[in-house]
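Since the structure comes first, as structure tokens, the remarks are kept for the end.
In what follows, residues are counted from 1 in the order of the sequence shown. Side-chain atoms are counted along with the backbone in the values below, which use heavy atoms only and exclude waters and symmetry mates. Everything quoted here is computed from the prediction, not taken from an experiment. Order of appearance sets the numbers: ligands from 1, and atoms from 1 within every ligand.
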Amino acid sequence: MSDPTTLPAWQALRENRRQLTDVSLRALFRDNPQRFNQFSLQLDELLFDFSKNLLTEQTLSLLSELADQTGLRTRIDALFKGDKVNTTEGRAALHTALRNRSKRPVVLDGQNLMPQIEQVLKQMGDFSDQVRSGAWRGYSGRPITDIVNIGIGGSDLGPLMVTEALKPYASDNLRCHFVSNVDASQLCETLKPLNPETCLFLIASKTFTTQETLTNAYSARHWFLSQAKDEKHIARHFVAISTNPERVVEFGIDPVNMFEFWEWVGGRYSLWSAIGLSIVLAIGKDNFAELLSGAHLVDEHFRTAPWTENIPALMGLIGLWNANFLGAESQAILPYDQYLHRFPAYLQQADMESNGKSITTQGKEVNYTTGPIIWGEPGTNGQHAFYQLIHQGTRLIPCDFLAAANSQNPLGEHQQILLANFLAQSEALMMGRTAAEAQQEMENTGLSAAEIERLLPHRTFPGNRPSNSFLYRRLDPKTLGMLIALYEHKIFVQASIWQINPFDQWGVELGKQLAQKILPLLTGESTIGTHDSSTCGLIERIHRLRE
Ligand code: F6P
């Protein structure tokens, strides 16, 4: 595959960018009353409005050409049919098979994966039925009241985000807790109010070798045994979710209590697999099935829709336009939906661990921008924190606004106020405020001419700042499944055009390896280290401070 920047479509997009230099979004809307209709799409009950982006029909058609010239269709087909798209690890990335609700088989290395996927789904459903109904008892005969998921990265962020988002669908009898950080404070604070007799620990780790997870899991086991005393009770209180049965047994968990998944499920794409056990426990198997069907609906759409009607493809292409042609470095995720408060954090791993790469699949260094910095907080809180920089700062920050038409907690005018802010922010970013408007406003408040002149530059702002809006009826399991899958595929689209592998994460490894080397210097098992003077100085200071 050739460098995408040398392709005719990339060159034409550069020219298109030049032509749009003096064009404003304000003018595009003024001159075309149909702009919203032309630049928005509906999928099931989800509306995607991309009209407030600095682009025209011509830009879209060039972006579609770029998708064609970079072979996006072939890449999508390869993803879905289980080709080893994770080239550095020689693996398929078949998260789409986990939510395949069609009757179509998914074949990998000559074997249909669907029976084993269905079997684990059933195991998860049966187990959660038992726990949720109270039939599954702890060692002293009491039902489970608290689930503690111990995992990190993809084995934490997805399930945590989803259980928070779907709280209105969760059982009142089970509380879910998530422990990820190796900082003992998280585990200790989580366990403080809990009773080992009524706790169920889910040890979630694809590899079952992750230092943070195993350290937390052993400490949780110790906490449990300090009251339960007998190791035979572990079977009622610890289950494992992993691809590594040997390590699970080594930890002391009965393989009967293991929920399996497979190496072709990437960590950050794993919430649809057994890693989603905490979700099934919280919301039940039927709601989990709805989550899967929402994602499946998007998978079918992504596989089949032409680029200009394909929401994840457009999300990816527009993001690429903003990054590579308009110079945006980051992407803000702004849910006007409190239940999505962990969505930005979840997308940070999904996007940045996937597309934070600078070497192509051909082993060449890229000469163009790849994965954006993902960040965000729920509206309206962000408005009173960082929106000033988005409105008037020196950087271009494309924003994704997300909102439900209906609140899960209707209360007075709250939802209308929330939605008014959701609409106002994207409009303000797009329109800005001209000097004439600012002047008129100040004149109306009776300010003197001198004051108006002094304040005018501060109260004028350029607008022309791009955003997407996602609007849905209500944040139910199916809608959430759709939203997650849309972003997963957006990430894939961008990786395909940038020609990087979104499914490995070698960059995380170096830090892990160095931590293993430094640990003996902190525990006192070793005094010899070959580190730089800063690291040595800090180690020495830690020893002194710890004394
Ligand atoms: O952060 C690196 C990483 O490998 C992630 O990709 C993964 O989600 C996380 O660590 C946890 O890995 P595991 O599930 O194997 O414990």
Side-chain angles (χ1 to χ4, degrees), residues 85-95 98 120 124 148-163 178-183 186-187 201-221 238-253 257-279 342-357 371 373-374 484 487-488 491-492 495 500-516:
V85 290
N86 178 354
T87 44
T88 59
E89 296 179 302
R91 292 177 186 166
L94 274 171
H95 41 286
L98 298 166
V120 175
M124 291 161 71
V148 183
N149 186 87
I150 297 183
I152 196 165
S155 302
D156 167 74
L157 288 162
L160 169 57
M161 180 274 286
V162 173
T163 49
F178 290 83
V179 175
S180 52
N181 201 332
V182 76
D183 182 338
Q186 193 183 20
L187 180 69
F201 290 94
L202 315 182
I203 314 300
S205 175
K206 180 175 173 181
T207 54
F208 231 77
T209 58
T210 303
Q211 188 185 40
E212 293 94 328
T213 300
L214 288 183
T215 307
N216 278 324
Y218 276 108
S219 295
R221 189 177 185 268
F238 282 78
V239 304
I241 305 160
S242 187
T243 58
N244 191 343
E246 293 79 26
R247 288 299 185 108
V248 168
V249 171
E250 210 175 292
F251 179 83
I253 293 180
N257 291 337
M258 173 174 161
F259 295 80
E260 191 192 4
F261 66 115
W262 308 275
E263 66 159 31
W264 44 263
V265 182
R268 50 194 171 276
Y269 300 87
S270 64
L271 71 87
W272 321 100
S273 73
I275 287 291
L277 184 60
S278 53
I279 306 173
R342 294 298 291 166
F343 198 50
Y346 163 76
L347 287 179
Q348 282 183 327
Q349 189 207 14
D351 205 319
M352 295 203 275
E353 200 167 86
S354 295
N355 284 349
K357 316 277 166 70
I373 301 157
I374 302 290
I484 302 169
Y487 277 95
E488 282 181 348
I491 293 164
F492 182 77
I500 54 179
N501 175 6
F503 299 117
D504 61 8
Q505 57 284 320
W506 298 105
V508 194
E509 295 305 319
L510 178 61
K512 283 191 197 170
Q513 284 166 12
L514 282 179
Q516 295 288 5

Which atoms of ligand 1 are found less than 4.0 Å from any heavy atom of [X]?
{"X": "Gln349", "value": "5 (C), 6 (O), 8 (O)"}
{"X": "Gly154", "value": "7 (C), 8 (O)"}
{"X": "Arg268", "value": "6 (O)"}
{"X": "Gln505", "value": "6 (O)"}
{"X": "Thr210", "value": "12 (O), 13 (P), 15 (O), 16 (O)"}
{"X": "Val508", "value": "1 (O), 2 (C)"}

Report the distance from atom CG of Asn149 to atom CD1 of Ile275, rounding to the nearest 0.5 Å.
7.5 Å

Under a 4.0 Å N-O cut-off, is there an ion pair linking Asp504 with Arg91?
no

Phe201 six-ring centre to Arg221 NZ/CZ under 6.0 Å and within 45° of normal
no

Atom 9 (C) of ligand 1: nearest protein contact (heavy atom, Å):
Ile152 O, 3.7 Å

What is the nearest protein non-hydrogen atom to atom 5 (C) of ligand 1, stated with its residue, atom name and distance?
Glu353 OE1, 3.2 Å

Taking atom 10 (O) of ligand 1 as the point of reference, which of Gln211, Glu212, Lys512 owns the nearest heavy atom?
Lys512

Check this for me - ligand 1, Ser205, N or O atoms closer than 3.5 angstrom, yes or no?
yes

Does any N/O atom on Gly267 come nearer than 3.5 Å to any N/O atom on ligand 1?
no

Checking side-chain contact (heavy atoms from CB on, under 4.5 Å) between Thr213 and each of Asp156, Val182, Ile152, which is the one that passes?
Ile152

By the definition side-chain contact (heavy atoms from CB on, under 4.5 Å), identify the one residue from Tyr269, Phe261, Trp262 that meets it with Leu98.
Trp262

Is it the side chain (CB and beyond), the backbone, both or neither of Thr207 that lies under 4.0 Å from ligand 1, heavy atoms counted?
both

Under 3.5 Å, is there a donor-acceptor pair between the Ser242 and Arg247 side chains?
no

Assign the ring pair Phe343 / Tyr487 to parallel, tilted or perpendicular, where the plane angle (0 to 90°) is split at 30° and 60°.
perpendicular

Evaluate side-chain hydrogen bond (donor to acceptor under 3.5 Å, both in side chains) for Glu89 paired with Asn86, printing each intermediate quantity in order.
CA-CA 6 Å; Glu89 296 179 302; Asn86 178 354; 2.7 Å; yes

